[in-house]
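Here's the structure we're looking at; comments come further down.
Heavy atoms only: backbone and side chains are in, while hydrogens, waters and symmetry mates are out.
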Amino acid sequence: MFADLLGRLHLSDFQHDMIATGGQLSIVFGILGIVGLLFYLKRWKWLWREWLTSQDPKKIGVMYIIVAFVMLIRGLGDTMLLRTQQATSVGNSHGILTSDHFQQIFSAHGTLMIFFVAMGLMFGLINLILPLQIGARDVAFPFLNSVSFWLFAAGMGLVNLSLIVGEFSAAGWLAYPPLSGIALSPGVGVDYWIWSLQIAGVGSLLSGVNFLVTILKMRAPGMTLMKMPIFVWSVLGSMTLIVFAFPFLTGALALLGLDRTIGTHFFTSDLGGNPMMYVNLIWAWGHPEVYVLVLPAFGIYSEVVATFARKRLFGYTSMVYALASITVLAFLVWLHHFFTMGAGANVNTFFGIMTAVIAIPTGVKVFNWLFTMYRGQIHFKTPMMWFLAFVVTFTIGGAAGVLMSIPAADFQLHNTLFLVAHFHTMIVGGVLFGYFAGFSYWFPKIFGFRLNERLGRYALYSWLVGFVLAFVPLYILGIMGATRRLDHYDASLGWQWLFIIAAIGALTILLGVGFQVAQLVVSIITRYDNRDLTGDPWDGRTLEWSISSPAPVYNFAVIPTVTDRDAFWESKQSEAVKLPPVYTDIVLPKNTGMGVIIAGFAFLFGFAIIWHIWWLMVIALFGIIGSMIVRASDDDTEEVITADEVARIEIAAAQRSVL
């Protein structure tokens with residue numbers, strides 16, 4: 001009877017091989033260490049009151065980034081296992097992993113890096129900076145923002161729980177049927193994948209709506225659309241893509257989950273189903289998702305280049321149209337991911353042309369950045385160095401992408417490591433480098449001190465060298481015919497030395513992450529030597545640099561009026577007499593733990609469906625609904641910061657700036 005209450009869950013589901021057990025122990029001891037430290041420092045109440053229940057987008061942004069960096073370290077750990085296996089599993093040697101475990105790690109790596117590293121860094125930086133750049137005190141829906149983050153965290157928790165109980169999907173990071181169907185993947189791995197992404201994806205969709213409304217409705221007086229910073233434009237494009245693309249993901253995951261859980265046949269070849277429908281649905285989301293990630297990075301590069309070249313961004317209007325063009329064209333290229341699957345010459349031709357065309361607005365942006373640098377007074381700080389590294393890597397990846405837009409070439413390169421190298425070039429060189437640039441650029445605004453420049457450069461050099469070593473061999477191997485998901489190959493092929501170089505490259509990237517961790521630690525220790533007392537450490541151009549560092553909880557004591565595109569830069573150049581500010585009471589949302597509670601029930605809901613624990617699923621579902629009703633019935637959701645308190649905070653910040 002007790003066993004029936006636990007559905008498919010048995011003691012054997014906790015048993016794993018030595019490598020997976022190592023992952024289990026690292027998670028368990030890591031959690032126990034954090035819990036023990038919080039007890040030792042007596043910081044539980046502080047953590048709950050100041051962070052976990054906060055609706056301040058800056059604190060939510062910091063939590064997004066913390067989760068993303070933790071998942072980055074785990075994702076790179078998976079990378080080292082994959083590269084070690086490919087470097088050693090040749091001929092009579094079969095490496096360190098079984099074939100099934102290799103496929104699970106491969107699937108987990110892609111899932112973590114896209115959904116919980118890149119998306120986490122993106123939403124983190126947007127939360128930190130977007131309200132500041134548009135002159136707003138908050139986002140449009142603060143509680144929705146909190147729920148979005150905690151759903152993201154709940155999805156991350158489910159992915160990592162698969163290390164402890166059960167297994168993860170071995171069907172790849174996009175889980176094509178029939179491999180992801182119940183017949184070929186009868187375990188819980190694909191279900192973990194479905195529900196972790198479903199829960200996190202709902203959070204992302206809510207964030208998309210929230211930031212879209214924030215941009216359209218909460219800009220400072222005078223900030224017309226064509227006076228918005230380019231980063232805001234890039235976020236507008238990205239959030240538009242989320243609102244229109246993520247329902248495809250939600251629908252595809254729901255239908256696949258129904259196939260696996262109650263025996264429907266949407267994506268099976270029998271009883272009228274069609275696996276290709278899933279492939280179309282997942283890539284109708286998947287390719288816009290690439291631009292969801294890369295557009296905000298483009299916006300960051302625009303801010304960084306203009307600031308460190310000491311020039312107004314070249315071609316602002318063309319940059320806006322380029323971002324808008326990419327947003328539209330992103331929905332017209334998804335089929336190039338399966339040119340080889342028999343769509344026909346006419347269809348392949350259309351999507352090949354669209355794929356080549358979308359490279360044009362991307363090229364426009366690169367030339368705009370280079371022209372901005374032309375005859376500028378360039379300051380080679382760490383954020384600017386990340387941009388220069390991006391130019392090198394992204395150009396390589398872009399050229400490879402244009403090559404693969406030709407269906408005839410794609411027929412040769414499809415499903416090879418050439419494709420893997422191209423994808424990583426765009427995501428690592430385009431997305432991660434951009435978010436690292438943004439993190440180092442805006443760090444002093446959020447925390448009040450600058451990051452260590454020397455260690456930041458060491459990290460950049462390690463990432464850049466490691467990137468070349470890790471992925472150039474994969475381009476070569478792809479041309480030689482090495483397929484992706486390859487965990488063993490014959491010694492006579494002569495591939496091993498290239499896989500060894502790729503493994504060295506992954507190790508070098510891991511060294512870069514080590515330098516980033518060291519940079520953060522050293523910067524915290526020496527923070528009083530690198531304090532940002534002015535609020536404007538880089539001589540910035542946009543509104544976020546007009547307030548003190550770290551930014552106060554209310555962002556702006558007085559909402560600014562915008563008269564120019566580079567609002568803060570122009571105000572610094574203006575000789576107009578500035579009247580003393582008149583402070584008023586500021587209304588902000590109260591902290592609430594309801595976001596944590598809703599996400600906790602969502603986590604239990606996903607876990608219950610994965611293991612077929614139906615009574616727990618019902619409880620969790622009613623918990624979600626009940627929590628939403630309780631929140632909707634609560635009228636005491638705001639607090640007031642008085643004008644006197646605002647004046648006190650602003651005077652203290654002004655005094656710090658003149659010390």
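Residues forming a side chain to side chain donor-acceptor pair (under 3.5 Å) with H424 (at least two apart in sequence, or on another chain): none. F439 meets the ring-ring contact (aromatic ring centres under 6.0 Å, His included) test with F69, F443; sequence neighbours excluded. Scored by the side chain to side chain contact (heavy atoms under 4.5 Å, CB included) test, I524 finds F449, L520, R527 as partners (sequence neighbours excluded). Shown here are the side chain to side chain donor-acceptor pair (under 3.5 Å) partners of W334, two or more places apart in sequence or in another chain: N280. Here H265 pairs with nothing under the ring-ring contact (aromatic ring centres under 6.0 Å, His included) rule; sequence neighbours left out. Annotation: side chain to side chain contact (heavy atoms under 4.5 Å, CB included) contacts of M385 (sequence neighbours excluded): F380, L388, R457, L460, Y461. Considering only residues two or more places apart in sequence or on other chains, R83 meets the salt bridge (Lys or Arg N to Asp or Glu O under 4.0 Å) condition with none of them. Q85 meets the side chain to side chain donor-acceptor pair (under 3.5 Å) test with S89; sequence neighbours excluded.
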Quick one: side chains of residues 395-415, donor-acceptor pairs under 3.5 Å with protein atoms, not counting sequence neighbours, listed by atom name and distance.
from	atom 1	to	atom 2	distance (Å)
T395	OG1	V391	O	2.5
S405	OG	V402	O	2.5
N415	OD1	R484	NE	2.8

For residues 428-438, which side-chain N or O atoms pair as donor and acceptor with protein atoms under 3.5 Å away, sequence neighbours left out?
from	atom 1	to	atom 2	distance (Å)
Y435	OH	L293	O	2.5

Atom pairs and distances, donor-acceptor, side-chain atoms in residues 463-483, under 3.5 Å, two or more places apart:
from	atom 1	to	atom 2	distance (Å)
W463	NE1	Q516	OE1	3.1
Y475	OH	T425	OG1	2.9

Do any side-chain atoms of residues 166-182 form donor-acceptor pairs under 3.5 angstrom with protein atoms, and if so which ones, sequence neighbours left out?
from	atom 1	to	atom 2	distance (Å)
S169	OG	A171	N	3.0
Y176	OH	W283	NE1	2.5
S180	OG	A175	O	2.8
S180	OG	Y176	O	3.3

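Aromatic ring centres of F115 and W285 lie closer together than 6.0 Å.
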